[in-house]
2 protein chains.
Amino acid sequence: MTEQSAPTTAAGGSTARGEQTRQLILDTAMRLFRERGYARTTMRAVAQEAGVAVGNAYYYFDSKEHLVQEFYAGTQREHREAAAPVLARERDFAPRLAGVLHAGIDVLSPYHAFAGAFFKTAAEPTSPLSPFSAESSAPRDMSIALFREALTGSTAKLDAELREALPELLWLGYMGVVLYWVHDRSDGQVKTRQLIDGVVPLVDRLVGLSRLRVLRPVTRQALALIHTLRH
Amino acid sequence: MTEQSAPTTAAGGSTARGEQTRQLILDTAMRLFRERGYARTTMRAVAQEAGVAVGNAYYYFDSKEHLVQEFYAGTQREHREAAAPVLARERDFAPRLAGVLHAGIDVLSPYHAFAGAFFKTAAEPTSPLSPFSAESSAPRDMSIALFREALTGSTAKLDAELREALPELLWLGYMGVVLYWVHDRSDGQVKTRQLIDGVVPLVDRLVGLSRLRVLRPVTRQALALIHTLRH
DNA sequence: CCCTTGATTTGAACACGTTCAAGAAAGGCG
DNA sequence: CGCCTTTCTTGAACGTGTTCAAATCAAGGG
């Protein structure tokens, strides 16, 4: 509805007058989120620390939650970069998948304390911040592409139809891992690392087994279900 | 911290003085949630419609979100009742599981419009309302018990260790179904019903296959992982 | 140089969730 | 009945996210 109020987000080389102000506010907000957490960071504090009026922050960002969406888009890029080395090095599916998953958690780590607040808004279906929403389709597709690359760049052999559908399933699994990570209270979120290291061999094994005669019907049935649900 | 302010929630036959006031406020809130949705229902409106002061609502409920927790506990009971007939009638695992899942969605149906707000708070790990939190362990355990009954009351044959761990996994899957349902925009949430009807035969099939020689290692590996993560 | 137009910036004002000091009502006890 | 303690009830006040009419600034055009 009120979408055209702020300058284009995606414009790369734009040098509009307020661009630095926008960046200043964003940087300040991210710093305060890290330092104090999401809930204890007030918009007034962000404005004050950035040296602008509170209304000015709302000129560039529709809401406090939209500040978080910028963070979301940012980690997407970082995730890709962090995963690149492993994807360049490894050829087997398992280490490639593990690399991508670990890279994702690596990137998120500094924000573990306030990631709860982030996922809180993400869970709301009506919110444009939901990872399933249409508004989030760009970063989501980029993330899915990352998992597709982990798969297609590997030596894994699998059914063509499964190869098509798997990246999205892997992304869904990644969302599950992140959800686990958000709730992970262990030191340095070690448990999440264990989850990744434990689940990757399983997935790898199942993908390999999916071509077996006994499992073929199950695979087809599952793929048919996904197809049905997609529309 | 401020836990002892309100009268016992779980007390069944308690006839404390304010019990009717408490119920009045709760009923009013639930009605307004259904009518206007969660966000557009203000605490002032709840208080006014219930004919009490706003502070009085906070005497019985620690926060607006805690009103939702009551709803959570309530649906738990209804779920059990709604699933009872199917569990009494069917003996095969698949229809029993399908029955329990459909019953859960049946009970939730009237609240689909504001269920998003419910899951929003549920996703926050620090919130006592999270289905994974210690505070929610009572309703969670009841829900898991329901899935355990669906399994143990059936004729399904399976590995002892898997039989032990499966109910919790089924509950986790149920959480996934509910998450899908929350995001389900199809008419009458038909898609969710299709998801249930499609996924149940798959689970049933996999449970049966889990005793096969080829799958035995995978099963054990998965169970070991779960055991590791549990502590 | 002044005027116009649009982009930016301001801070007071609003609505909401929540808190709290103060009071009212209900028992219990002599 | 009078007094005390506990339970309940009140509504003003606080802090927060958000809005908005007005002020300021930048850049051209005349």
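Please read all numbers here as calculations on a predicted model, not as lab measurements. Atoms considered below: every heavy atom in the structure, side chains included; atoms not considered: hydrogens, waters and symmetry mates. Throughout, protein chains are lettered first and strands after them, A, B, ... in sequence-line order, and every chain is numbered starting at 1.
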*Which parts of nucleotides 10-18 of chain C does protein reach within less than 4.0 Å, heavy atoms only, written one letter per nucleotide 5' to 3' as B for base, S for sugar-phosphate only and - for none?*
BBBB--BBB
*Does Ser186(B) have any side-chain hydrogen bond (donor to acceptor under 3.5 Å, both in side chains) partners at least two apart in sequence or in another chain, and if so, which?*
Asp184(B)
*asked:* Distance check needed: dG15(D) C1' versus Gln48(A) CD, whole Å only.
replied: 15 Å
*Round to the nearest Å and state the distance from Ile25(B) atom CD1 to dT10(D) atom C1'.*
12 Å
*Protein-nucleotide distance (Leu24(B), atom CG; dT9(D), atom C1'), rounded to Å*: 14 Å
*Only counting residues at least two apart or in another chain, list the ones meeting ring pair (Phe, Tyr, Trp, His ring centres under 6.0 Å) with Phe147(B).*
Tyr174(B)
*Residues in salt bridge (Lys or Arg N to Asp or Glu O under 4.0 Å) contact with Glu65(A), at least two apart in sequence or another chain*: Lys120(B)
_For His112(A), all residues meeting side chain to side chain contact (heavy atoms under 4.5 Å, CB included), sequence neighbours excluded_ = Trp181(A), Gln189(A)
*Could you tell me the separation between the OH atom of Tyr60(A) and the C1' atom of dG17(D), rounded to a whole number of Å?*
20 Å
*Those residues that, when tested against Arg193(B), pass salt bridge (Lys or Arg N to Asp or Glu O under 4.0 Å) (two or more places apart)*: Asp106(B)
*Of all residues at least two apart in sequence or in a different chain, which pass the side chain to side chain contact (heavy atoms under 4.5 Å, CB included) check with Ala45(B)?*
Leu32(B), Arg36(B), Thr42(B)
*Partners of Val52(B) by side chain to side chain contact (heavy atoms under 4.5 Å, CB included), sequence neighbours excluded?*
Thr21(B), Ile25(B), Ala47(B), Ala50(B), Asn56(B)
_Strictly by salt bridge (charged side-chain N to carboxylate O under 4.0 Å, His left out), give each pair with a member in residues 23-34 of chain B just once, sequence neighbours left out._
Arg31(B)-Glu35(B), Arg31(B)-Glu49(B)
*Atom pair CD/CD1 of Gln194(B) and Ile196(B) - distance to nearest 0.5 Å*: 11.0 Å
*State plainly whether the residues Arg140(B) and Glu168(B) are in salt-bridge range, i.e. N to O under 4.0 Å.*
no
Distances for protein N/O vs nucleotides 25-28 of chain C N/O pairs under 3.5 angstrom?
from: dA26(C); atom 1: O4'; to: Arg17(B); atom 2: NH1; distance (Å): 3.3

*All ring pair (Phe, Tyr, Trp, His ring centres under 6.0 Å) counterparts of His183(B), not counting sequence neighbours*: Phe132(A)
*Of Thr21(B) and Arg40(A), whose closest DNA chain D nucleotide lies nearer the 5' terminus?*
Thr21(B)
*Kindly calculate the angle separating the two end axes of the helix from dC1(C)-dG30(D) to dG30(C)-dC1(D), each obtained from five base pairs, and round it to 10 degrees.*
30°
